[in-house]
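One structure is given below, encoded as structure tokens.
Worth saying up front: this structure is predicted, and the values here are computed from it rather than measured. Side-chain atoms are counted along with the backbone in the values below, which use heavy atoms only and exclude waters and symmetry mates.
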Amino acid sequence: MIEKLLEIKIIEAVRALYSTEILPTQVQLQKTRKDFDGDYTIVVFPFTKSSRKSPETTANDIGTYLVEHMEQVSAFNVIKGFLNLVISGSYWNGFYARNFSNNKFGFVPQMDSNPFVVEYSSPNTNKPLHLGHIRNNLLGFSVARILEANGHKVIRVNLVNDRGIHICKSMLAWKRWGDGETPSSSGIKGDHLVGKYYVIFDQQYKKEIEKLISLGISKDEAAKSAPLILEAQEMLRKWEANDDEIISLWKLMNGWVYEGFEQTYQTMGISFDKTYYESKTYLLGKSLVDEGLQAGALHRRADGSVWIDLSSDGLDEKLLLRSDGTSVYMTQDLGTAQQRYNEFTPEKLVYVVGNEQEYHFQVLAKVFKHMGKPWYDSIFHLSYGMVELPEGKMKSREGTVVDADDLMEEMFRTAEITTRELGKVDDFSSEEAVQLFRIIGLGALKYFILKVDPKKNMLFNPTESIDFNGNTGPFIQYTYARIQSVLRNAVQKDFLPNEIGALQIDNVELLPQEKEVLRILHQFPGIVNEAGDSLSPALIANYIYELACEFNRFYHDITILKETDLVRRNFRLGLCTFTGNVIKNAMWLLGIDVPQRM
RNA sequence: GGCCUCGUAGCUCAGUGGAUAGAGCAGCAGCCUUCUAAGCUGCGGGUCGAAGGUUCGAGUCCUUCCGGGGUCACCA
């Protein structure tokens, strides 16, 4: 890595010139901005204390030293306190020759270490997936790939919330008003069908509440005493008591939902290595609670409920077991975390969960800390922002939820219309065309969501959010397709790939457009690394956009196939291969496919 | 109310304490006889929410204030 080498040499220069030791963190190395000459820029202000000279003189001293002591640095210039270094042509040539055809460029081989367990999706089985889940799924899946590209082993896990009062609500409504309706009898996708009855429950429940209020009962009281909610609670008790009839209804309806989910995941192009079900894990936390009680980390109140006092960590007291002995959400998560730890001894337990649960995960880690589990700090909450609609937060009861299946279908339709309008698929078979619409539609959606910093809330306007021009997935896919087209034409003209591979670019002065593309390609490994450290697909997305922009400029300004100088022509073809590889791999990190033609 | 978080162009978003704050969309004006025009080039558009402070240097760090969001359940 040239950056690392520069850092070492700069420290060495300061030592030699001013007899001062500086730390690597004091070396501020950055890419030279476009409007100046050079490849890397060093900010010399921090060194002026050592040199006791003006920034300009200091920069000149160090620049001279580097040119003399590093073959890779061929020249420098100084503007104000900035030392711009020019990296030699032979370095760039070498970099190009070594990597242009390496289709693993930027990816670290898998290391032999403990895995990262990444949990994402975590749906409830009472309603279909929506826009919020889409962000969650895309983030989790992409982060998993980014970690793998950094050499980590990754286990992708899903934790399905398949039990609880909300599930019983759907079951009850179906039992009462469903008239035996099934996915096959109605043609409704299983998760949507169950979701339909969840909504029906809510409507009927509201009616009952209103009726009770009109009889003079208070709102709170009405909500608690409506017959439907009482019946749902009774159903939950029966479920916990393993009542045959309830269990088989539960199995039937959940089965429909899983089929529906599977279809959605498949369309979205995401998958898991392992799926956990809360119905199987919800009791796991209880033995941990016993353990904690015995160790004195937890305490039991007079009513039988169990609590942990986290005031020493600046948090509150937190309930871990209800007075009736049943477990709460936190208890379950304690259990599943311990289970995963036992199963995988992970390097990190990553939870892709919305930022509304930040407090929950702080507590989760602290509880383990208090219970003397040294691995508590391997719990990492990848907290992402909410997806908001123009009218505000999505509310399922108000019908403002953007459904995942609907949205993807809409994307495919839009992709088809746009693509047909542009006449892009006139010579495609209908299968090829459908395939392309899906690639483009999903590419647009995924890129739109992943390019935003995960931490931040984002706004999604269904009618105008997704464009196919500018900083979008299709723009990048288009750039890739153009590259493939050039390469196909090259083969057709007998500009053979092995000929491309054999030639290098020694003694050829690069054009600015060529150099700029090469420079951006050079950054890719560093970007992958940074994205891995910060678990941020957005860094990858922004990088690809920059690369695609620069390549399009090159493509527009400079001829490739008509270049008569063989060395130049082959170098440009190699640059196409190189850029194509990086775009494809970077898009793969986002879980986005690229088409050969579009 | 306590704690957390966000506030950058009309809109959506970038911007490891460094140079003149950038993209896309929207608007306007150009570029297809040429490797795919889902592209390229140019123009206009900013009190980086406000005020202080730290620093050679602040959109970025600290304090206060204003505004939005989240959270503080024997819900998940």
Self-check item: nucleotides 70-76 of chain B: protein proximity per nucleotide (B base, S sugar-phosphate only, - neither; heavy atom, under 4.0 Å)
Solution: SSS-BSB

Quiz prompt | Letter per nucleotide, 5' to 3', of nucleotides 7-17 of chain B [B base touched, S only sugar-phosphate touched, - untouched; heavy atoms, 4.0 Å] | solution = S----SSS-B-

Quiz item: Base, backbone or nothing for each nucleotide of nucleotides 29-35 of chain B, written B, S, -, heavy atoms under 4.0 angstrom, 5' to 3'?
Solution: -----SB

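Of the N and O atoms on the side chains of A:T281 and A:T336, not one donor lies less than 3.5 Å from an acceptor on the other residue. No side-chain donor from either of A:T275 and A:N158 sits under 3.5 Å from a side-chain acceptor of the other.
Using atom C1' as the reference point in both B:U47 and B:A26, the two lie 24 Å apart (nearest Å). Taking the C1' atoms as reference points, B:G18 lies 37 Å from B:U71, given to the whole Å. Annotation: B:A58 and B:G39 have their P atoms spaced 38 Å apart (nearest Å). Comparing B:A23 with B:C31, their P atoms sit 23 Å apart, to the nearest whole Å. Of the C1' atoms belonging to B:G15 and B:G1, the separation is 35 Å, rounded to the nearest Å. Nucleotides B:G17 and B:G10 have their C1' atoms positioned 31 Å apart, rounded to a whole Å. Across the P atoms, B:G30 and B:U12 are found 30 Å apart, a figure rounded to whole Å.
Residue A:R33 is in base contact, counting any heavy-atom pair closer than 4.0 Å across all strands shown. Among the protein residues, A:T41 comes within range of the nucleic acid bases, having at least one heavy atom under 4.0 Å from a base atom. Within 4.0 Å of A:D333, counting heavy atoms only, lies no atom of the nucleic acid at all.
Considering only residues two or more places apart in sequence or on other chains, A:F524 meets the ring pair (Phe, Tyr, Trp, His ring centres under 6.0 Å) condition with A:Y543. In terms of the side-chain contact (heavy atoms from CB on, under 4.5 Å) criterion, residue partners of A:E234 (sequence neighbours excluded) are, by chain and number, A:R237, A:K238. Taking A:K34 as the reference, A:E550 meet the salt bridge (Lys or Arg N to Asp or Glu O under 4.0 Å) condition, with sequence neighbours excluded.
In this pair, A:F36 lays its aromatic ring flat on the base of B:A19, centres within 5.5 Å and planes under 30 degrees apart.
Annotation: proximity of residues 43-62 of chain A to RNA chain B (heavy atom, distance under 4.0 Å) is found for A:V43, A:F45, A:P46, numbered in ascending order.
Anti is the classification of B:C40, since its glycosidic angle lies more than 90° from 0.
Within the structure, no pair that satisfies the salt bridge (charged side-chain N to carboxylate O under 4.0 Å, His left out) test touches residues 465-490 of chain A, not counting sequence neighbours.
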Solution key, residues 527-539 of chain A side-chain donor-acceptor pairs under 3.5 Å, sequence neighbours excluded:
residue: A:S534; atom: OG; partner: A:E530; partner atom: O; Å: 2.8
residue: A:S536; atom: OG; partner: A:A538; partner atom: N; Å: 3.4

Can I get a per-line list of side-chain donor-acceptor pairs under 3.5 Å for residues 445-453 of chain A, giving both atom names and the distance, sequence neighbours left out?
residue: A:K446; atom: NZ; partner: A:M268; partner atom: O; Å: 2.8
residue: A:K446; atom: NZ; partner: A:G591; partner atom: O; Å: 2.7
residue: A:Y447; atom: OH; partner: A:N471; partner atom: OD1; Å: 2.6
residue: A:Y447; atom: OH; partner: A:A541; partner atom: O; Å: 3.1
residue: A:K451; atom: NZ; partner: A:N471; partner atom: O; Å: 3.1
residue: A:D453; atom: OD1; partner: A:K455; partner atom: N; Å: 3.0

Give every donor-acceptor pair under 3.5 Å between a side-chain atom in residues 162-171 of chain A and any protein atom, sequence neighbours left out.
residue: A:D162; atom: OD1; partner: A:E278; partner atom: N; Å: 3.3
residue: A:D162; atom: OD1; partner: A:S279; partner atom: N; Å: 2.8
residue: A:D162; atom: OD1; partner: A:S279; partner atom: OG; Å: 3.4
residue: A:D162; atom: OD2; partner: A:S279; partner atom: OG; Å: 2.6
residue: A:R163; atom: NH2; partner: A:E240; partner atom: OE2; Å: 2.8

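The side chain of A:K455 contributes no N or O atom lying less than 4.0 Å from OP1 or OP2 of B:U5.
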Quiz item: What pattern of brackets, bars and dots sums up RNA chain B from 5' to 3', given Watson-Crick or G-U wobble pairs under 3.5 Å, [ ] for crossing pairs and | for another strand?
Solution: (((((((..((((....[...)))).(((((.......))))).....(((((..]....))))))))))))....

